Amino acid sequence: MEEVWLGLDLGTQSARALAVTATGEVVGEGSQPLTSRRDGPRHEQDPEAWFGALARASRAAVGGLGPPLGGVALCATSGTVLLVDAATGAPRTAGLMYDDTRAAADSDRANQAGGEVWAALGYRMQPSWGLPKLLWLLRERPELVPGSRLAHQPDLVTRRLVGEAVPADTSHALKTGYDLRRDAWPYEVLAELGVPAEVLPEVVLSGTRLGTVCAEAAEATGIPEGTPVIAGMTDGCAAQLGAGALRVGSWNSVLGTTLVLKGVTEELLRDPAGVVYSHRAPDGGWLPGGASSVGAGVLSARFPGRDLEALGRQAAEREPAGVVAYPLVSRGERFPFTAPEAEGFVLGVPADEADEYAALLQGVAFVERLCFDYLDLLGAPTGGDLSLTGGGTRSRYWCQLRADVLGRPVRLPQQAEAGLGMAVLAASAVTGRPAAEVACDMVHVREVLEPRPDRPRRFAAPYLRLVDELARRGWLAPDTAAHARDRAAR
């Protein structure tokens, strides 16, 4: 009988489980909601809810399955951390979620102390990342430090699955300052920041076997006792695996509330501006990427409760729109440039709401194109397959528009959930086959959209108008703007 692989996805609003065969057939799935506490820059979750939600989702996914489970891997949000009891693994603090930004001052301290280390890895610490949050926890709750250990969001769950302490994975540890080049914690930098060495967990490469499901976890989750548990990756990397974008030069563009690009390179891609950062790939090599603050979130904010498909059909008549939009979801930009003060804008006055809607769709596509221009400037290989995933792919027109603006074919995977990516990783780890090879069997392409012949040229002028305006406002670096113009002229 064909073996089944289980991918677990611990997100912000839900925990999901996906049971997938070696040929990519989904044979079971489950989902359970999660709730958060938000208050300004604060965003927390109850860590005890994570295992319970995943256990219920897993029982739904694997209940009644005939074939054996070959292995399980888990992805979670990037930069979510907490302190746990080093001996028992019990939570000592709430989970500080991926977008909690209370640690702004601590990120400045981290960059002052470890700037050279982070620069060599191609990034700068940001307030929402794991290390600044750890510094904040150590400063705000010093009474908890003795006997505590740092845990990333998935670490709590994998420990309960195995029934004993397990290492963290390199993917989730990246934003906590783990040095992926040396494969070690930068202890000197962390000591200068006041981080005791005993607080830091052991770290292993994603795809490493952590142990097997224990009897207690098997009873709670329905996952058979003895099933191999594999060290996972962050949700963004998991989505990349789920899209099958694992060959050098291939990219996955995830368009949801915001826009995230992730690709594959043989060598570490260094970005002097710290905009692009890289995870380690399970097959070797690197997974560079970045997250923009433009995205589909601006559509629901600007047109709440409206029929967006109907607006999309009207927008298809406006190519290009009469105005140019920079559709930021919220204040501040992260990729392809860093500008905390950046705000969305529209150049000109829309003729009507269809014109405005068309400009927003095109504006996201223009920023996506600018991201690829920036990656090309850094020397990244960008000519491989491009997969489009995320909620934005529900609009086939928007996918076609993005192909037209980019001037390249785009692939639409049939199933591109993060859970599928973790099933790919589990199968790769247990069978010893490269993840890219496993993905070829498990990930299926629903459709390939080619750019329409006349469209790339039609969108060149409004694209460059946006580039010029971003440069004029001082947000986009002159060399990036010049490179974008040069590529458009070719």
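Atoms considered below: every heavy atom in the structure, side chains included; atoms not considered: hydrogens, waters and symmetry mates. The structure presented is a predicted model; accordingly, all values stated were derived computationally and were not measured.
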Do Thr80 and Leu96 have side chains that get closer than 4.5 Å, going by heavy atoms? no
Tell me whether Glu469 is salt-bridged to Arg465, with the criterion being a basic N under 4.0 Å from an acidic carboxylate O. no
Between His483 and Pro478 (side chain of the first, backbone of the second, donor and acceptor by atom type, cut-off under 3.5 Å), is there such a pair? no
CG-CG distance between Leu299 and Leu361, expressed to the nearest 0.5 angstrom: 6.0 Å
Donor-acceptor pair, side chain of Asp355 and main chain of Pro350, under 3.5 angstrom: no
Can you find a pair of side-chain heavy atoms, one from Leu241 and one from Met233, that are under 4.5 Å apart? yes
Using the ring of each side chain (for Trp, its six-membered ring), is His43 parallel, tilted or perpendicular to Tyr98, with breaks at 30° and 60°? perpendicular
Under 3.5 Å, is there a donor-acceptor pair linking the side chains of Tyr187 and Asp179? no
Side-chain heavy atoms of Val294 within contact of Val367, under 4.5 Å: yes
Checking side-chain polar atoms at under 3.5 Å, does Ser107 have a donor or acceptor matched by the opposite partner on Gln126? no
Supply the atom-to-atom distance Trp251 CH2 to Leu388 CG, rounded to the nearest 0.5 angstrom. 14.0 Å
If we check side-chain hydrogen bond (donor to acceptor under 3.5 Å, both in side chains) with His172, which of these qualifies: Thr176, Thr170, Asp169? Asp169
Count the heavy atoms of every other residue, nucleotide or ligand shown that sit under 6.0 Å from CD of Glu188, and state whether that count exceeds 12. no
Is a donor from one side chain sitting under 3.5 angstrom from an acceptor on the other, for Asp108 and Gln112? no
Do the ring planes of Trp129 and Tyr277 sit parallel (below 30°), tilted (30 to 60°) or perpendicular (above 60°)? perpendicular
Verdict with reasoning, Phe459 to Leu401, per side-chain contact (heavy atoms from CB on, under 4.5 Å): CA-CA 10 Å; Phe459 290 114; Leu401 174 67; 3.4 Å; yes
The reported gap from CZ in Arg369 to CD in Gln362 (rounded to nearest 0.5 angstrom) is 12.5 Å
Check whether more than 12 heavy atoms from other residues, nucleotides or ligands sit under 6.0 Å from atom CD of Glu266, and answer yes or no. no
Cation-pi geometry met for Arg124 and Trp118 (6.0 Å, 45°): no
In short, Ala53 meets Ala15 closest at the heavy-atom pair CB-CB, 3.8 Å
Do you know which two heavy atoms are closest between Ser250 and Ala245, and how far apart they sit? OG-C, 3.4 Å
Verify, without hydrogens or angle tests, whether Thr158 (side chain) and Pro154 (backbone) share a donor-acceptor contact under 3.5 angstrom. yes
Cationic tip of Arg487 above Phe372 ring, under 6.0 Å, 45° of axis: no
Among side-chain atoms of Glu333 and Ser292, is any donor-acceptor pair under 3.5 angstrom? yes
Determine the interplanar angle of the Tyr178 and Trp185 rings, folded into 0 to 90°, and report it as parallel if under 30°, tilted if 30 to 60°, perpendicular if over 60°. perpendicular
Decide yes or no for Val346 and Tyr326: does some side-chain heavy atom of the first lie under 4.5 Å from some side-chain heavy atom of the second? no
Assess the residue pair Val254 and Lys262 against the criterion (side-chain contact (heavy atoms from CB on, under 4.5 Å)); give the C-alpha distance rounded to whole Å, side-chain angles, the decisive distance to 0.1 Å, and a yes or no. CA-CA 8 Å; Val254 187; Lys262 297 190 76 68; over 6 Å; no
salt_bridge(Asp106, Arg139) N-O dist < 4.0 Å: yes
Give, for atom CZ of Arg102 and atom CG of Asp39, the distance between the pair rounded to the nearest 0.5 Å. 9.0 Å
Could you tell me whether a side-chain N or O of Gln45 sits under 3.5 Å from a main-chain N or O of Thr12, the two making a donor and an acceptor? yes
Has Asn111 got a side-chain atom pairing as donor or acceptor with Met125's backbone, closer than 3.5 angstrom? yes
Which pair of non-hydrogen atoms, one from Pro327 and one from Ala325, has the smallest distance, and what is that distance? CD-O, 3.4 Å
Check side chain to side chain donor-acceptor pair (under 3.5 Å) between Asp454 and all other residues, then give those that pass, not counting sequence neighbours. Arg458
Test log, rule side-chain contact (heavy atoms from CB on, under 4.5 Å), inputs Asp99 and Arg38: CA-CA 10 Å; Asp99 57 350; Arg38 291 182 181 270; 3.1 Å; yes
Going by atom types only, do His152 and Asp155 share a side-chain donor-acceptor pair under 3.5 Å? yes
Return yes if some donor-acceptor pair links the side-chain N/O of Lys133 with the main-chain N/O of Ser128 below 3.5 Å, else return no. yes
Tell me, please, whether Tyr397 has Arg313 positioned over its six-membered ring: NZ or CZ under 6.0 Å from the ring centre and within 45 degrees of its axis? no
With a 4.0 Å cut-off on N to O distance, would you call Arg452 and Glu450 a salt bridge? no
Does Glu309 come within less than 4.0 Å of Arg394, counting only side-chain N to carboxylate O? no
Step by step, work out the salt bridge (Lys or Arg N to Asp or Glu O under 4.0 Å) result for Arg485 and Asp468. CA-CA 9 Å; Arg485 297 185 197 104; Asp468 290 343; 2.9 Å; yes
Is any side-chain N of the basic residue among Arg302 and Glu353 closer than 4.0 Å to the acidic one's carboxylate O? no
The reported gap from CZ in Phe337 to OH in Tyr374 (rounded to nearest 0.5 angstrom) is 11.0 Å
Should we say atom CD of Glu116 is surrounded by more than 12 heavy atoms from elsewhere, each under 6.0 Å from it? no
Residues Thr389 and Asn252: side-chain donor-acceptor under 3.5 angstrom: yes
Taking it one step at a time, do Tyr463 and Val467 satisfy side-chain contact (heavy atoms from CB on, under 4.5 Å)? CA-CA 6 Å; Tyr463 168 64; Val467 169; 3.7 Å; yes
One should read off an interatomic distance between Ser293 OG and Glu343 CD, to the nearest 0.5 angstrom, of 12.5 Å
Arg37 with Asp100: basic N within carboxylate O range, under 4.0 Å: no
What I want to check is whether the side chains of Trp286 and Glu267 have a donor and an acceptor closer together than 3.5 Å. no
List the atom pairs, donor and acceptor, that lie under 3.5 Å between side-chain atoms in residues 412-428 and the rest of the protein, sequence neighbours left out.
{"residue": "Glu417", "atom": "OE1", "partner": "Arg16", "partner atom": "NE", "Å": "2.9"}
{"residue": "Glu417", "atom": "OE1", "partner": "Arg16", "partner atom": "NH2", "Å": "3.0"}
{"residue": "Glu417", "atom": "OE2", "partner": "Arg16", "partner atom": "NH2", "Å": "3.1"}
{"residue": "Ser428", "atom": "OG", "partner": "Arg433", "partner atom": "O", "Å": "2.6"}
{"residue": "Ser428", "atom": "OG", "partner": "Ala435", "partner atom": "N", "Å": "3.3"}

Does the side chain of Leu135 come within less than 4.5 Å of Val195's, by heavy atoms? yes
Please examine the side chains of Thr234 and Thr77, heavy atoms only from C-beta on, and report whether any two atoms are closer than 4.5 Å. no
Heavy-atom side-chain proximity of Leu386 to Ser253 below 4.5 angstrom: yes
Side-chain heavy-atom pair Leu449, Gln400 within 4.5 angstrom cut-off: yes
Mutual orientation of the aromatic rings belonging to Phe303 and Tyr357 [parallel < 30°, tilted 30-60°, perpendicular > 60°]: perpendicular
Does any N or O in the side chain of Arg408 come within less than 3.5 Å of the main-chain N or O of Gly384, such that one atom is a donor and the other an acceptor? yes
